[in-house]
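These values consider heavy atoms only, across backbone and side chains, with no hydrogens, waters or symmetry-generated copies. Read the numbers this way: they start at 1 and go in the same order the structure lists the ligands and their atoms.
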Amino acid sequence: MTAPTPHPSTEGRTPYPVGLLLAGRRVVVVGGGQVAQRRLPALIASGAELHLISPATTPAVQAMADAGELTWHARPYRDGDLAGAWYVLVATDDPAVNTEVSAEAERERVFCSRSDDASAATAWTPASGRDAGATVAVLTGDPRHSAALRDAIVGGLRDGSLAARQYRAHGAGVALVGGGPGDPDLITVRGRRLLADADVVVTDRLAPRELLAELPEHVEVIDASKIPYGRQMAQEAINQALIEHAAAGKFVVRLKGGDPYVFGRGGEELLACAEAGIPVTVVPGISSSISVPETAGIPVTHRGLTQEFTVISGHVGPGDPRSLTNWRAVAGMSGTLVLLMAVDKIGAIAAELVEHGRPADTPVAIVQEGTTAAQRRVDATLGTVAAVVEAEGVKPPAVIVVGEVVDVLAAAFRP
Ligand SMILES: C[S@@+](CC[C@H](N)C(=O)[O-])C[C@H]1O[C@@H](n2cnc3c(N)ncnc32)[C@H](O)[C@@H]1O
């Protein structure tokens, strides 16, 4: 391996890294184009008193000014503009102006970053990123090299492949983490980070299994679907497992399919932990109710077609005394219905909807094991869905979508 050649502008110059605390301090940005647009958000986040000097700006920079995030002086730079500034960013597309501003900065002893010529600057802007409260800043002198390193470091921190093992970000407690619909890429950045920090993972049947393979050896994985006893008892046993491990000083991730609060018993687990005095973090997940139709080419809403979508659990069917759903009212709605846990009861549900007014020719799609390699989509209508599910051998987990949206993207998805 050969060491990378230093960028010409950095040769013989070693920057001294420092984190500037700019809140309430005057910072001047000269130039309102693409470079400023990219750099301004971090300056705004720092709380600096920002003054932008530029005859014109991009629409995005204009929006920052309109929102009061900076003061825009819509005119060319004039000598004296840097008075009282703590920091200057020069980013016009006119090298002569950039040189003039740099010269004033030098005279006024204000550190000055220059987008066009790093060798003429007195400060270099690092490629930076943030993850979980840590700021990563990389300075190599070559902006592309810096950005690539920054991406590798921030990416590694986010997916847990890079971690400060000696430092524990989390004390004992429980995180209820939505794992998304099944594809391991569809967990949130935060969910993945917490998973990488877990001592114990209590997982569900529908949580993305591939993520478990990445866990370090010492992590104890408990498969909640294998906990014996009946349904209700199983939930109590799960609550107990969460509480016991957290009480023993462990950081426990309860990894769930989809979102923890969409038919996921996340609320029950939170209440049980709260009652036992265990701190709980909840991390939202991408629910199968939206994402599974989406990956099968079905938007749950579409302008001009529907102004509502309703997500219903079909685990108890119409007429069952345990059902809390007013199916008659649901049948009267014209928008999209998304049915979860409804494969077994779809015949009774479809019949009830038709009986109370939803047309029998309303399109229906059943998406089984969405977002996984085994995903399949079967189409029917309310009138035929029971027979189609039977004939095609559709099995849970599946999301069933009822409504005109089922076909709206057909031309693009099935040419
Ligand atoms: C107990 S619910 C949990 C829902 C989950 N909390 C969510 O937000 O997606 C389980 C049901 O979600 C649906 N489901 C979850 N993941 C699915 C997937 N990958 N493909 C199809 N349906 C899925 C099925 O209807 C399944 O029976």
Side-chain angles (χ1 to χ4, degrees), residues 175-188 190-191 195 202-212 223-227 230-232 234-235 238-239 253-270 282-300 309-317 322-325 330 336-350 364-380 385-386 388-389 392-403 406:
L176 303 177
V177 174
D183 179 337
D185 273 4
L186 292 177
I187 189 172
T188 64
R190 186 179 300 168
L195 192 61
V202 181
T203 179
D204 263 348
R205 200 168 41 88
L206 290 178
R209 273 173 310 189
E210 282 98 324
L211 292 173
L212 303 176
D223 184 344
S225 63
K226 299 245 168 64
I227 293 183
R231 247 179 124 76
Q232 191 52 40
Q235 188 57 51
I238 292 166
N239 297 351
V253 167
R254 171 75 172 111
L255 183 65
K256 293 173 158 297
D259 180 89
Y261 285 175
V262 179
F263 306 132
R265 297 182 166 225
E268 289 171 51
E269 291 170 5
L270 179 118
V282 184
V283 182
I286 298 179
S287 176
S288 65
S289 52
I290 296 172
S291 58
V292 165
E294 181 165 357
T295 52
I298 303 168
V300 292
F309 67 100
T310 308
V311 181
I312 303 175
S313 165
H315 81 290
V316 288
R322 292 168 301 165
S323 172
L324 302 174
T325 303
V330 172
T336 309
L337 301 182
V338 180
L339 307 172
L340 268 56
M341 296 179 276
V343 172
D344 289 350
K345 304 285 184 332
I346 190 58
I349 292 170
V364 175
I366 306 120
V367 187
Q368 184 178 328
E369 295 184 62
T371 81
T372 73
Q375 171 172 322
R376 77 163 168 150
R377 168 178 172 168
V378 175
D379 283 71
V385 65
V388 168
V389 161
E392 296 281 341
V394 173
K395 298 264 177 309
V399 171
I400 302 177
V401 190
V402 179
V406 161

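- In terms of polar-atom proximity, defined here as any N/O pair under 3.5 Å, V292 makes no such contact with ligand 1.
- Ligand 1 does not have G182 within reach: every non-hydrogen atom of the residue lies 4.0 Å or more from it.
- Only the backbone of V367 comes within contact range of ligand 1, with a heavy atom under 4.0 Å; no side-chain atom does.
- Considering both main-chain and side-chain atoms, S289 never comes within under 3.5 Å of ligand 1 through any nitrogen or oxygen pair.
- Taking every heavy atom of S287 and a limit of under 4.0 angstrom, the matching atoms of ligand 1 come to 7 (C), 8 (O), 9 (O).
- Listed by number with element, the atoms of ligand 1 under 4.0 angstrom from any heavy atom of L206 are 10 (C), 15 (C), 26 (C).
- Between R254 and D204 a salt bridge is recorded (basic side-chain N to carboxylate O distance below 4.0 Å).
- For the pair Q368 (side chain) and Q375 (backbone), a donor-acceptor distance under 3.5 Å is absent.
- The protein heavy atom nearest to atom 27 (O) of ligand 1 is M341 CG, 3.2 Å.
- Proximity of V262 to ligand 1, defined as any heavy-atom pair under 4.0 Å, is shared by backbone and side chain alike.
- Distance from atom 19 (N) of ligand 1 to its nearest protein heavy atom, with residue and atom name: P181 O, 2.7 Å.
- Considering both main-chain and side-chain atoms, Q368 never comes within under 3.5 Å of ligand 1 through any nitrogen or oxygen pair.
- Side-chain atoms of S288 never come within 3.5 Å of backbone atoms of P181 as a donor-acceptor pair (strictly under, hydrogens ignored).
- In P260, neither the side chain nor the backbone holds a heavy atom less than 4.0 Å from any atom of ligand 1.
- Smallest separation of non-hydrogen atoms from G347 and A386: CA-CB, 3.6 Å.
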Walk me through whether L212 and L255 qualify under side-chain contact (heavy atoms from CB on, under 4.5 Å).
CA-CA 10 Å; L212 303 176; L255 183 65; 4.2 Å; yes
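- Here the protein heavy atom with the shortest distance to atom 20 (N) of ligand 1 is G370 N, 2.7 Å.
- The closest approach between V399 and ligand 1 falls below 4.0 Å for a heavy atom of the residue.
- Contact analysis leaves P396 out of contact with ligand 1, as no non-hydrogen atom separation drops below 4.0 angstrom.
- A salt bridge between R376 and E392 is present, with a side-chain N of the basic residue lying under 4.0 Å from a carboxylate O of the acidic one.
- Among all protein heavy atoms, the one lying closest to atom 13 (C) of ligand 1 is S288 OG, 3.4 Å.
- Using a 4.0 Å cutoff on heavy atoms, E369 counts as a contact of ligand 1.
- Of all non-hydrogen atoms in A365 and R377, the two that sit nearest each other are CB-NE, 3.9 Å.
- For the pair V311 and F263, the minimum side-chain heavy-atom distance is below 4.5 Å.
- Annotation: side chain of M341 is not in contact with side chain of P396 (no heavy-atom distance under 4.5 Å).
- The protein heavy-atom contact nearest to atom 3 (C) of ligand 1 is F263 O, 3.5 Å.
- Judged by distance alone, the side chain of T188 and the main-chain N or O of G191 form a donor-acceptor pair under 3.5 Å.
- For atom 24 (C) of ligand 1, the closest heavy atom belonging to the protein is A398 O, 3.4 Å.
- Residue G179 comes nearest to P208 through the heavy atom pair O-CG, 3.1 Å, listed as atom of the first residue, atom of the second, then distance.
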